[in-house]
Amino acid sequence: MNNEQCTTLKVLDNVPFGQVAGENLFFALRLERPEWKNWQPGQFVMVRPSGWAFDMLWARPFSICRVSPRDLVLFFQVVGRGTRRMAELKSGDDVLVWGPLGNGFAVEPDSPTLLLAGGIGIAPFVGYAHSHPKPWNLHMEFGHRMPLSCYPYESINEKIMGDAHLEEKPEDLTRFIELMDRRIAEHAEQNGLVLACGPTPFLKTVQHLALKHSARCQLSLETRMACGVGACLGCVTKVADDMHANGVAAGRAQVCNHGPVFWAHQVNLSEG
Amino acid sequence: MNNEQCTTLKVLDNVPFGQVAGENLFFALRLERPEWKNWQPGQFVMVRPSGWAFDMLWARPFSICRVSPRDLVLFFQVVGRGTRRMAELKSGDDVLVWGPLGNGFAVEPDSPTLLLAGGIGIAPFVGYAHSHPKPWNLHMEFGHRMPLSCYPYESINEKIMGDAHLEEKPEDLTRFIELMDRRIAEHAEQNGLVLACGPTPFLKTVQHLALKHSARCQLSLETRMACGVGACLGCVTKVADDMHANGVAAGRAQVCNHGPVFWAHQVNLSEG
Amino acid sequence: MDMRLNLPGLPDFGFKNPILTASGTFGYGVEFAPFGDLTALGGIVVKGLSLKPRPGNPMPRIAETPCGMLNAVGLQNSGVESFLKEKLPKLPWRELPVIANIYACDPGEFAELTSILAREQGIAAVEVNISCPNVKEGGILFGQDAAQAARVTEAVKRVAGDKPVIIKLSPNVTDIAAIAKAVEDAGADMISCINTLSGMGVDIRSRKPLLANVIGGLSGPAIKPVALRCVWQVCRAVTIPVIGIGGITSAEDVLEFMLVGAHAVQVGTANFIRPDFSFRLVQEFEQLVEKMGITDLEEFRGSLKL
Amino acid sequence: MDMRLNLPGLPDFGFKNPILTASGTFGYGVEFAPFGDLTALGGIVVKGLSLKPRPGNPMPRIAETPCGMLNAVGLQNSGVESFLKEKLPKLPWRELPVIANIYACDPGEFAELTSILAREQGIAAVEVNISCPNVKEGGILFGQDAAQAARVTEAVKRVAGDKPVIIKLSPNVTDIAAIAKAVEDAGADMISCINTLSGMGVDIRSRKPLLANVIGGLSGPAIKPVALRCVWQVCRAVTIPVIGIGGITSAEDVLEFMLVGAHAVQVGTANFIRPDFSFRLVQEFEQLVEKMGITDLEEFRGSLKL
Ligand SMILES: Cc1cc2nc3c(=O)[nH]c(=O)nc-3n(C[C@H](O)[C@H](O)[C@H](O)COP(=O)(O)OP(=O)(O)OC[C@H]3O[C@@H](n4cnc5c(N)ncnc54)[C@H](O)[C@@H]3O)c2cc1C
Ligand SMILES: Cc1cc2nc3c(=O)[nH]c(=O)nc-3n(C[C@H](O)[C@H](O)[C@H](O)COP(=O)(O)OP(=O)(O)OC[C@H]3O[C@@H](n4cnc5c(N)ncnc54)[C@H](O)[C@@H]3O)c2cc1C
Ligand SMILES: Cc1cc2nc3c(=O)[nH]c(=O)nc-3n(C[C@H](O)[C@H](O)[C@H](O)COP(=O)(O)O)c2cc1C
Ligand SMILES: Cc1cc2nc3c(=O)[nH]c(=O)nc-3n(C[C@H](O)[C@H](O)[C@H](O)COP(=O)(O)O)c2cc1C
Ligand code: FES
Ligand code: FES
């Protein structure tokens with residue numbers, strides 16, 4: 001935990017991706033590189049623009065999308081008040097950031113690894129694909145509802161194999177789930193890894209399929225967060241009994257410091 | 001009351017005046033010209049930058065400094081949270097403005113008229129001096145604590161006679177009060193007008209002197225305001241009984257719509 | 001779309017839309033006429049009226065707080081007669097309900113005020129502010145004691161004639177539902193809540209309170225969660241219509257209060273954010289209701305899923 | 001400058017500066033160790049402890065509100081024994097007071113908890129959260145009834161040995177001064193206030209409450225005026241030291257609470273604004289005190305001019 005820090009970083013730029021009905025709703029937010037010693041894809045940071053008044057008290061959690069020697073990149077979608085204000089960030093603005101927080105995804109260089117991303121859940125896989133020592137062992141299936149140009153899909157697709165699936169009609173979803181079913185089964189047979197990030201209904205589907213095929217699968221969970229450091233108990237998820245030894249109290253674990261990445265068989269997504 | 005309006009105006013520019021310990025604390029805020037039919041010097045507007053979140057609910061009252069066919073100019077000093085944020089306004093920003101509000105100063109073209117300004121209280125006299133039909137009948141005495149370059153003194157001084165008095169030591173204040181005493185006496189003798197704007201202790205002094213010399217004197221009052229339109233009853237001052245006929249309730253009148261300019265003998269400045 | 005809601009028990013009374021303005025924050029209405037069409041509002045509740053003129057509290061009376069404000073204006077007003085003569089005639093009372101908010105220090109005085117107002121064609125209803133000390137009985141607030149709140153309600157109802165009586169509740173109590181139940185049983189036609197939260201501010205440099213009165217009432221968005229909770233608890237406790245008040249600053253907020261059971265709302269402090277606030281809110285509310293596909297406000301009201 | 005204040009009645013106890021962290025907002029302290037030096041704080045109050053492990057409330061448990069937040073975390077914790085074994089040893093309890101916050105549903109359970117904690121060298125004091133329902137007596141909160149609050153205080157004091165007992169008051173009452181007086185008379189060594197205000201939020205699109213528990217506690221800057229008022233009222237009612245809590249987000253706020261009489265404060269929700277908040281606040285407080293030329297905090301405390 002010793003490289004957790006709380007620092008103010010300058011915005012380098014905040015580049016809109018794609019458009020939805022003429023509006024910019026997706027942004028790659030590039031910040032100065034914090035002085036972190038190390039980080040793992042799947043970890044996240046808490047972000048609070050310095051210009052925010054106290055009318056909105058909490059920082060917002062975002063997956064680390066990429067880290068280079070020069071910058072820290074986050075990728076976010078406008079969904080509410082906070083992200084709407086973040087869309088107005090300009091180069092030179094100050095942003096308070098603490099992290100890297102939580103546990104990242106498992107990296108097993110030689111295991112065939114399936115990346116399942118739903119919508120903005122693609123963000124952590126950018127860093128995963130780019131930092132993986134053997135990217136030819138990775139494969140991604142990406143389900144999305146907004147135009148593909150809204151997402152950082154290209155930057156992953158240039159490194160690893162995979163497909164994108166636009167969900168317009170209900171049949172599209174059915175077909176996507178069938179595809180995931182097959183892919184998970186394939187990876188389970190080879191004792192591969194399945195990693196998923198996306199909205200909770202998507203994670204529930206992946207969890208169900210992973211358990212069905214006894215795949216080794218990790219899910220990155222999303223919940224409302226206030227502190228990001230395990231203190232407020234606002235972000236918990238129900239967990240299996242075998243996690244209790246881990247310092248987890250009374251059947252519920254904080255997503256921020258015990259996750260956001262959990263093994264699929266250890267979490268219960270029924271609540272929230 | 002029919003030209004009272006509530007409109008969003010663009011900032012044209014926000015020019016710092018002078019400096020105090022290397023900091024910019026005084027600004028001429030130039031806004032687009034609202035579609036007012038008429039206004040009087042001494043009237044004010046309520047100002048609320050559109051970017052303000054609800055952590056600060058109230059607009060802030062500012063005297064109308066000048067109005068030209070192209071712009072509305074306010075002149076403000078940074079004294080607290082709201083004005084500190086206003087200092088950051090840039091051209092192109094939106095500002096909500098309602099007004100012109102309240103009663104302006106009396107204008108009697110042929111009466112010798114003494115303008116007494118304390119600090120930022122100089123603001124309404126810019127418009128007064130510039131719109132007065134016979135400026136040679138005006139004379140100003142200006143008491144200030146910050147460097148003269150902080151105030152829009154030049155733009156008045158180019159039109160009318162007067163002096164500025166820096167108050168550094170306690171003796172300076174004594175001398176300034178003696179000077180005002182003489183000037184008020186002179187104007188009272190000629191049945192002239194005395195108009196004053198400045199902080200409450202300054203107004204109390206002027207009121208005392210005006211009553212002593214039976215001068216016809218108006219004071220522009222400052223109180224905390226929430227609505228600016230006479231509704232909240234947060235800005236009241238004690239008034240003399242002869243104002244009651246005027247729709248004033250129970251000995252107290254709202255400064256925003258019964259003032260901010262009052263005849264010196266009608267107000268009681270003991271409270272607040 | 002028709003924004004009118006049925007008010008149970010009040011077949012002859014209604015608001016053309018659920019957005020009213022709150023007492024003390026909209027003057028006598030006339031102050032806001034330059035900024036919008038008063039008749040577009042669901043109703044206007046005027047500044048608290050007392051029998052005799054009252055000077056209110058000394059200055060300073062107001063202070064800004066995070067997402068809110070404190071006020072200790074007190075009941076400055078020139079008395080009910082002066083209101084009826086000077087202000088009411090200037091209001092478009094034929095076209096929208098003008099509600100008189102009243103304040104007194106004992107049940108008899110409340111009744112006297114009400115009987116004066118009951119005769120007035122221009123008054124649609126009487127809203128009783130019971131957040132005031134009972135001077136004859138040790139100064140505890142009428143609104144903080146169920147029995148006293150009931151006594152005021154009875155006294156007012158007895159002389160209100162056909163004017164609906166709205167009792168306005170204070171949130172500064174251990175059990176607001178009990179007070180609501182008591183005033184309903186005592187005959188109240190409607191309940192409005194909440195009045196301000198008891199609060200305070202100080203200036204560390206002058207070492208003085210921000211308000212001359214020391215303690216004042218907290219209002220504005222800061223208190224919305226408390227107001228919603230109170231309205232929800234009151235709506236579950238009574239069957240008479242409830243008017244939600246507290247921190248409303250958006251069309252979404254209006255629907256939130258309706259979702260927990262309110263028949264209408266009052267907009268208070270938000271009128272100070274900009275003087276055309278309530279006029280704009282009426283329009284935004286209609287747009288939001290349409291955008292959300294709500295076709296029946298009656299069905300939406302109280303439809304919170306537990 | 002020495003930031004230590006005398007605590008009347010507690011000659012052997014003190015905080016090296018008046019800034020503590022509030023229960024439930026600072027975890028078990030260890031979560032914040034990466035962000036600052038815990039021993040710089042005036043004290044740490046840990047998340048509420050119960051006798052047995054408790055799962056807390058279902059999700060969602062938190063929601064943001066204007067200048068505040070709602071929480072209905074409930075008392076999720078692995079029980080007092082687990083805290084003493086797993087967490088306390090990791091805290092620098094020799095260098096700063098670690099205060100155990102306790103929660104129970106009847107006086108006997110409170111006493112049992114206290115007697116366990118009374119034996120622990122690492123525990124400096126016990127803070128009793130009485131904002132909990134008395135399950136044996138109809139579920140009214142201990143903190144909402146003077147007699148019940150007094151009974152809990154007595155039960156805890158009887159077994160607390162030499163550990164000071166702090167009773168933490170709820171603001172959701174008609175008369176907080178009466179409750180304060182009752183717990184002082186029952187032997188409390190200190191009072192801390194306020195706990196959260198009872199509030200609620202809803203989502204108009206899903207038509208569901210924002211919290212699974214429906215009602216939650218409002219905290220943050222929004223409630224500061226209410227907290228200041230409560231602390232002022234309590235300080236005037238009792239002679240034991242009072243710890244002010246509620247919406248503190250700046251060094252000015254700390255002095256405001258001291259101005260109305262508090263001996264110390266606890267920082268809650270502000271710890272979520274940034275995890276180094278309380279550490280920075282200690283520094284800012286020292287700077288402000290110096291800049292304002294306050295040379296004696298003891299003299300400043302309670303010096304409000306009325
Ligand atoms: C570990 C983690 C990593 C994340 N990574 C990314 C990322 O890389 N890119 C990205 O765009 N988003 C990411 N999110 C989600 C992001 O945090 C939320 O979209 C954001 O907090 C919403 O803030 P808002 O103020 O705009 O929305 P609000 O106005 O607060 O809420 C709008 C809606 O979003 C829901 N919501 C609010 N906070 C969260 C949350 N933390 N998780 C899920 N739903 C929420 C609310 O319940 C509401 O329905 C991540 C969330 C977590 C927990
Ligand atoms: C009719 C009128 C005309 C004014 N004209 C001008 C002007 O032309 N230029 C200018 O710089 N200022 C003017 N003022 C004063 C200006 O409104 C205040 O300085 C401003 O509201 C302070 O806002 P703030 O948020 O920065 O300060 P706050 O943080 O709100 O308060 C800082 C300090 O200022 C005091 N204060 C707050 N509001 C007022 C107020 N309305 N009047 C007096 N003191 C206040 C507070 O009590 C506090 O001591 C005028 C005030 C009035 C009533
Ligand atoms: C300046 C001011 C004056 C008020 N005067 C009265 C009053 O005279 N009578 C009354 O019943 N309520 C009065 N109130 C309370 C409001 O009507 C309302 O109940 C309260 O402000 C909560 O709503 P809000 O948060 O929307 O402001 C006043 C409130 C304010 C801010
Ligand atoms: C998430 C959260 C959890 C809390 N848990 C507890 C608790 O376990 N015991 C307790 O006495 N108070 C608890 N509180 C109340 C705080 O200690 C504090 O009294 C309250 O939040 C007001 O202070 P603030 O406005 O600075 O947050 C909790 C508050 C929050 C926000
Ligand atoms: S966000 Fe606070 S515990 Fe996870
Ligand atoms: S500012 Fe509201 S009455 Fe004057």
Side-chain angles (χ1 to χ4, degrees), chain A residues 1-8 46-48 50 52-60 80-82 95-101 200 221-239 244-257 268-272, chain D residues 21 24-36 47 50 52-79 82-83 86-87 210-212 219-222 247 249-250 268-277 279-280:
Chain A
M1 295 245 291
N2 265 334
N3 64 344
E4 278 182 19
Q5 289 183 15
C6 185
T7 44
T8 300
M46 296 294 284
V47 175
R48 191 169 195 282
S50 304
W52 282 11
F54 285 169
D55 64 320
M56 245 162 41
L57 289 176
W58 298 343
R60 300 295 193 261
R81 298 172 316 138
V95 170
L96 184 76
V97 171
W98 63 95
L101 301 164
T200 306
L221 270 51
E222 274 199 10
T223 55
R224 282 185 218 154
M225 292 185 175
C227 69
V229 300
C232 72
L233 303 181
C235 68
V236 301
T237 183
K238 281 194 184 170
V239 290
H244 288 199
N246 235 341
V248 165
R252 286 186 168 88
Q254 299 96 310
V255 169
C256 62
N257 64 343
N268 175 333
L269 301 177
S270 62
E271 256 184 23
Chain D
T21 55
T25 67
F26 208 67
Y28 299 102
V30 287
E31 295 86 347
F32 292 84
F35 301 101
K47 172 69 188 165
S50 53
K52 298 265 162 312
R54 293 175 65 110
N57 288 321
M59 288 284 286
R61 293 177 166 185
I62 55 174
E64 225 179 8
T65 70
C67 289
M69 64 174 281
L70 285 165
N71 93 80
V73 165
L75 265 285
Q76 179 182 335
N77 78 111
S78 18
S82 153
F83 164 73
E86 317 273 344
K87 310 282 184 185
L210 291 181
L211 305 176
S219 62
T249 59
S250 69
T269 302
N271 291 306
F272 307 150
I273 296 174
R274 52 188 300 166
D276 52 4
F277 197 93
F279 306 113
R280 291 162 58 99

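Treat the numbers as computed from the prediction; the structure is a model and nothing was measured. Letters go in sequence order (proteins before strands), and every chain restarts at 1.
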Side chain from CB out, backbone as N, CA, C, O: work out which of these in [X] comes under 4.5 Å of a heavy atom of chain D, or both, or neither.
| X | result |
| --- | --- |
| R48(A) | side chain |
| T237(A) | neither |
| M225(A) | backbone |
| W98(A) | side chain |
| L57(A) | both |

Separation between CE of M69(D) and SG of C232(A), rounded to the nearest 0.5 Å: 6.0 Å
Separation of L75(D) CG from L233(A) CG (nearest 0.5 Å): 10.0 Å
Option that, when pairs with chain D are counted at under 4.5 Å, heavy atom only, ranks first among A226(A), G82(A), C227(A), G228(A): A226(A)
Side chain to side chain contact (heavy atoms under 4.5 Å, CB included) partner of V229(A), the single match among F32(D), F272(D), F26(D): F32(D)
Partner set under salt bridge (Lys or Arg N to Asp or Glu O under 4.0 Å) for R274(D), not counting sequence neighbours: D276(D)
Partner set under salt bridge (Lys or Arg N to Asp or Glu O under 4.0 Å) for R81(A), not counting sequence neighbours: E64(D)
Can you see which heavy atom on [X] is nearest to which on [Y], and at what distance?
| X | Y | value |
| --- | --- | --- |
| M59(D) | C235(A) | CE-C, 3.8 Å |
| A231(A) | G27(D) | CB-N, 3.6 Å |
| P60(D) | R224(A) | CB-NH1, 3.9 Å |

Residue part contacting chain A, namely of N57(D), when any heavy atom lies under 4.5 Å: backbone
